[in-house]
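Predicted model only: the values in this text are computed from it and were never measured.
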Amino acid sequence: MLNLQKLTKALLLSTILHSGLCLQVVYADEPTALNQVSRNPQTAKADAVLNMLHLSAAAADWDSYFSLFTEDAGFIGTDITEHWTMADFQRYARSSNGWSYETQSRTLVRHGDVVVFDEILDNKNYGLCRGTGALILTEDGWKILQYHMSFPIPNALAPRITDQIKVFRKKAVKTP
């Protein structure tokens, strides 16, 4: 089912992205979400690409979603086995109904034709997550070169979590 509100946001961000406008857009129905285009002209278009990424994923608009990546981009998921080429990631994603992450904060730093970013996202199932990566300026505008999703584990919980991972890996190795 098409969500009209998500589609409207996607169209607005697409217009901003392709027009080169550097406006601040805040959605009144989501007062706690970042969901805005940066006022910084150095990173505004790259910021809009990341906003469009999340809107496209939530709408399961995979053509829009994958158009935001370079052909040789990589996606690194939360599981140690999830180091995907775009072709591999497309096979995984296109069979899904999408996923929704609400941006809580984002930092973008431009280095010439590259923008590196990190963002804190909130997901209904996982809670807080961290996305990091890089965008590169191409002839077609900013494209995502790499995206990496992770779970930010508080240092106080890290020993317990990493112990659980060690036990899990030992069991996985013994299982035929």
Side-chain angles (χ1 to χ4, degrees), residues 3 5-6 9 13 24 26-38 40 43 46-62 65-66 68-70 73-111 114-136 142-176:
N3 181 318
Q5 185 178 18
K6 288 180 182 176
K9 290 177 186 178
L13 283 172
Q24 180 171 355
V26 179
Y27 301 105
D29 61 320
E30 298 176 9
T32 62
L34 178 67
N35 289 334
Q36 62 189 9
V37 177
S38 172
N40 181 343
T43 58
D47 193 41
V49 168
L50 293 171
N51 286 333
M52 182 63 76
L53 179 80
H54 297 305
L55 289 171
S56 298
D61 181 351
W62 301 123
Y65 183 88
F66 286 105
L68 302 171
F69 289 87
T70 64
F75 191 99
I76 303 169
T78 57
D79 190 278
I80 198 164
T81 64
E82 297 174 340
H83 196 276
W84 289 311
T85 64
M86 280 299 99
D88 292 336
F89 192 52
Q90 282 195 52
R91 280 190 288 278
Y92 166 79
R94 287 184 184 274
S95 65
S96 79
N97 293 321
W99 47 81
S100 183
Y101 289 88
E102 183 178 316
T103 306
Q104 301 297 303
S105 65
R106 180 179 294 141
T107 302
L108 299 106
V109 179
R110 185 170 179 174
H111 302 277
V114 174
V115 168
V116 293
F117 68 90
D118 66 273
E119 56 186 2
I120 301 299
L121 307 165
D122 194 15
N123 176 271
K124 183 176 82 172
N125 297 323
Y126 297 122
L128 291 181
C129 301
R130 174 177 282 136
T132 60
L135 296 98
I136 187 165
W142 289 101
K143 297 284 184 175
I144 301 166
L145 183 60
Q146 182 181 71
Y147 194 97
H148 180 197
M149 178 68 73
S150 63
F151 300 125
I153 301 170
N155 289 335
L157 298 178
R160 186 172 35 183
I161 303 284
T162 55
D163 284 346
Q164 290 176 0
I165 293 169
K166 290 173 195 172
V167 169
F168 176 84
R169 290 187 69 208
K170 283 181 184 176
K171 287 180 183 177
V173 169
K174 293 179 184 177
T175 305

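The main-chain N or O of Ser100 is found under 3.5 Å from a side-chain atom of Asn123 such that the two form a donor-acceptor pair. Formation of a donor-acceptor pair under 3.5 Å by the Thr162 side chain with backbone atoms of Pro159 is found in this model. Listed for the Thr85 side chain is a donor-acceptor partner under 3.5 Å among the backbone atoms of Asp88. Side chain of Ser96 to backbone of Gly98: a donor-acceptor contact under 3.5 angstrom is found.
Note: Phe89 and Phe69 have perpendicular aromatic rings, judged against thresholds of 30 and 60 degrees for the angle between ring planes. Aromatic ring pairs are classed by plane angle as parallel below 30°, tilted from 30° to 60° and perpendicular above 60°; the pair Trp99 and Trp62 is tilted. Ring geometry for His54 against Tyr101 counts as tilted: the plane angle lies between 30° and 60°, on a 0 to 90° scale.
Separation of atoms CD (Glu119) and CG (Leu53) is listed at 7.5 Å; rounding is to 0.5 Å. To the nearest 0.5 Å, atom CE of residue Met149 and atom CG of residue Leu121 are 5.0 Å apart. The CG atom of Asp47 sits 12.0 Å away from atom CE of Met52, with the distance rounded to the nearest 0.5 Å. Annotation: the span from Thr132 atom OG1 to Arg106 atom CZ amounts to 12.5 Å, rounded to 0.5 Å. For the atom pair CH2 of Trp84 and CZ of Arg91, the computed distance is 11.5 Å after rounding to the nearest 0.5 Å.
Side-chain contact check for Glu82 versus Ile76: every heavy-atom pair is 4.5 Å or farther apart. Annotation: side chain of Phe117 is not in contact with side chain of Val109 (no heavy-atom distance under 4.5 Å).
Taking both residues in full, the closest heavy atoms of Gly131 and Tyr147 are given as CA-OH, 3.4 Å, listed atom of the first, atom of the second, then distance. The shortest non-hydrogen separation linking Ala93 to Phe66 is CB-CZ, 3.8 Å. In this structure, Trp142 and Leu135 approach most closely via the heavy-atom pair CZ3-O, 3.7 Å. Considering all non-hydrogen atoms of both residues, Met86 and Thr70 come closest at CG-O, 3.8 Å.
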Please test Val49 against Lys143 for side chain to side chain contact (heavy atoms under 4.5 Å, CB included), starting from the C-alpha separation and ending with a verdict.
CA-CA 7 Å; Val49 168; Lys143 297 284 184 175; over 6 Å; no

Please lay out, stage by stage, how Leu50 and Ile144 fare under the test side chain to side chain contact (heavy atoms under 4.5 Å, CB included).
CA-CA 8 Å; Leu50 293 171; Ile144 301 166; 4.1 Å; yes

Let me see the working for Ile120 and Arg130 under side chain to side chain contact (heavy atoms under 4.5 Å, CB included), right down to the final yes or no.
CA-CA 5 Å; Ile120 301 299; Arg130 174 177 282 136; 3.9 Å; yes

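The number of heavy-atom neighbours closer than 6.0 Å to CG of Asn97, taken from other residues, nucleotides and ligands shown, is 12 or below. Atom CZ of Phe151 is surrounded by more than 12 heavy atoms from other residues, nucleotides or ligands within 6.0 Å. Residue-environment remark: CG (Leu157) exceeds the threshold of 12 foreign heavy atoms within 6.0 Å. Counting heavy-atom neighbours within 6.0 Å of Arg169 CZ, excluding the residue itself, gives a total of 12 or less.
The list of salt bridge (Lys or Arg N to Asp or Glu O under 4.0 Å) pairs with a residue in residues 150-166, not counting sequence neighbours, reads Asp163-Lys166.
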